[in-house]
2 protein chains.
Amino acid sequence: MTVTSVHDPSHREALWELEDAFERGDLVSVFGRCTVSYEGRAASDLGAGDRLLVLKPDGAALVHTDEGRQPVNWQPPGSEHRAAVREGRLRVRSTRTSPDETLTVRFSDVHQLSAMAVTGGRDLTLHGSEEDLRTRILERPELVEPGFEPRETERPSSAGPMDIFGVDADGTPVVIELKRRRVGPDAVGQLARYVRALREELGVEGEGKGGEGEETEAAATAVRGVLVAPSITDRAAERLAERGFGHVALDPTPET
Amino acid sequence: MTVTSVHDPSHREALWELEDAFERGDLVSVFGRCTVSYEGRAASDLGAGDRLLVLKPDGAALVHTDEGRQPVNWQPPGSEHRAAVREGRLRVRSTRTSPDETLTVRFSDVHQLSAMAVTGGRDLTLHGSEEDLRTRILERPELVEPGFEPRETERPSSAGPMDIFGVDADGTPVVIELKRRRVGPDAVGQLARYVRALREELGVEGEGKGGEGEETEAAATAVRGVLVAPSITDRAAERLAERGFGHVALDPTPET
DNA sequence: TATTGGATGTCGCAC
DNA sequence: GTGCGACGTCCAATA
C-alpha cells in the first residue's frame, strides 16, 4: 500500500520524506513538538507543544492540538508547502498570495511522520440543507399557507436574490426567506432588505397601505415577507412583528 | 517517546491500539480506506475512499480527504469515541447528545495508525482581531474623527451590546460598529439596529431632526452611527448613505 | 441551557 | 478577482 511512515526520524530523514511526499502529492501527517507562527490576514504565535500537522496536496495545512474541531493554526488550499532544516529544527512553511499569508511550523522533535496517496470517494451526499427546505416547499406550497403559489426561486432584486418569490391566495406578492435551522434577528434583517427592494421595484406601499388613487388595488399589490425556519428566537420574533412579517415553522426534512 | 504507531495493522490490532489510545487520552490519526456516514443536525453519506481520521481526547473527530481546509465529515468536541470490529471492518463511531449526532467511519483497510500523548502550549497570541481594532480606537479616538470621545464599550441596548458608544465634538451620541475586515450590507443592518435602539432609549429624533419644542437641543441629542472597517462594499455604502451613517476606513493594526 | 455575534471563518456561485 | 449568502459552520461570552 502507498503509505510511508517513519518513527522518530532525524530532521534530515523527515525532510527527505516530506519532500518525497510533496512530490508524490501525498496526504501527510506529522506528530511532533513544534512552535507555530502565522502572518497574513492576522498574525499569531504559538509556543512549543506537541501537535499534529496535516499537509494536503492541494496546499491546505492544518495544525491541530488535542482540543477543538478547529485547527489552532492553518493555511487555506492553494498554498505551497516547503520544508527545510534550519537552526537544528525541521521547518515546514506554507505560503500563498492574495492575500499574502505564511504559516511556519518549526519542529524541535518529530515523533511520527506518515504519508499516504489518497484516491477516490469525494461523492458526499448531504440531506437537510436549505436546498432541501426549498424543494420541500416547491413540492408542497400549502406548507407555507393555503393558496400560496411559488413563482420563482433566487429571484433577483436590488438587494440580491430572494430565496422564493410567489403570490398568496389574494395575489399579493410574497417574499420567502428560508433558513434550515433556528434563526436570530439577522435573518429578519435579510428578509426586510428583500421586501423593501421589491416594494421599491413594484412601487407599492408597504404593509397593505393604499396608494393615492392611481392604484385601486393597493392591498393586492403590497409585498408580504415570510420567514420559513424550524423556529425563531424571541428577538427575531419581535423584529418580525415590527415589520409585519410572518413566520412559518418548517423543517428542511419531514420529522421522523 | 509517547508515540505508538502501527503500520498495516489487522482490524483486531488497530482496535486494541485505538482502545488503548482512548484510555490514555491520546491524539490519534488513522490513515485508511473507509466509508463515512453521519446523522444528526443533517445526514450524509460518503462512499469508500482513502482518508485521514483524527480523533481527539476531547471528543472531536475529523475526517479529512486530500482536499480542503474543512473536514469532509466531523464530530464536535464533547463526543464520545468508540471502536469495534463489525462485519470484517473496523468501525469507529463518535456520538454526542443535544443535539443527538453520530458519526460512523467504517474502515475496510487501515494503513497506518498513530497515537500521541499531547502536552503543553495552548497559549496562542493573535493580533489583528476586532478587539485590536477597539483597543486602537480607544487609545487614539481621533482616528475616528477629531473630537470623538469613547464613553463605553459593549454598551447594552435593547438590540444587544454595541461595540463602542461615545460622543462627538458636538456632544452628539455616536454608536460605532467595528469590523476587522471589509464588510457587506449585513454590518450596516447591525449598526442600524443599535442606533435605532439607542434613539428609542434616548427618545430622540433620528438624523438631526428636532423635536416639537420640548427638546431645544434636538440636534445635539440625535444619535449618529459610524461603521469602522478597513473598507466596505458598494452595496454597504449605499445602505450607509440611506441611513445617514458614516464610514471610517481603519485597519485593526497600523499598516506596516 | 439558549442567545448572540465574531472569525485568519471556509466554501461555492454569480458577476 | 469581488460580492454575497449558506454552513451539520465553530466558538466564546453572556444571560
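This structure is a prediction, so every number in the text was calculated from the model and none was measured. Numbered from 1 within each chain, the chains take letters A, B, ... in sequence-line order.
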Among the candidates [options], find the nucleotide nearest to the side-chain atoms of [X].
X         : options                 : value
Trp74(B)  : dA2(C), dT8(C), dG8(D)  : dG8(D)
Gln190(A) : dA6(D), dG5(C), dG8(D)  : dA6(D)
Ser98(A)  : dG5(C), dT3(C), dG1(D)  : dG1(D)
Glu130(B) : dT3(C), dA7(C), dT8(C)  : dA7(C)
Arg180(B) : dC11(C), dT8(C), dG8(D) : dT8(C)
Pro185(A) : dC4(D), dT4(C), dC11(C) : dT4(C)
Leu126(B) : dG5(C), dT8(C), dC7(D)  : dT8(C)
Leu103(B) : dG8(D), dG3(D), dT10(C) : dG8(D)
Arg235(B) : dC4(D), dG5(C), dT9(D)  : dC4(D)
Glu177(A) : dC11(C), dT4(C), dA6(D) : dA6(D)

dG8(D) base to Gln75(B) side chain: any donor-acceptor pair below 3.5 Å?
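For Gln75(B), whose side chain was compared with the base of dG8(D), there is a donor-acceptor pair (under 3.5 Å).
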Please evaluate the base of dG5(C) for a donor-acceptor partner in the side chain of Asp186(A) within a cut-off of under 3.5 Å?
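In this structure, the two groups form no donor-acceptor pair.
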For Gln75(A) and Ser79(A), which heavy atoms make the closest approach, and how far apart are they?
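Shortest heavy-atom separation between Gln75(A) and Ser79(A) comes out as CG-OG, 2.9 Å.
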Nearest-nucleotide wise, let me know which of Pro76(A) and Pro161(B) is further upstream toward the 5' end of DNA chain C.
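On the 5' side of the pair lies Pro161(B).
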Hey, is the side chain of [X] poking within less than 4.0 Å of OP1 or OP2 on [N], counting only N and O atoms?
X         : N       : result
Arg41(A)  : dT10(C) : yes
Arg181(A) : dA6(D)  : no
Tyr194(B) : dG5(C)  : yes
Arg134(A) : dA6(D)  : no

Assign Gly128(A) to base, sugar-phosphate, or nothing according to its heavy-atom contacts below 4.0 angstrom with the strands shown.
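It contacts nothing in the nucleic acid.
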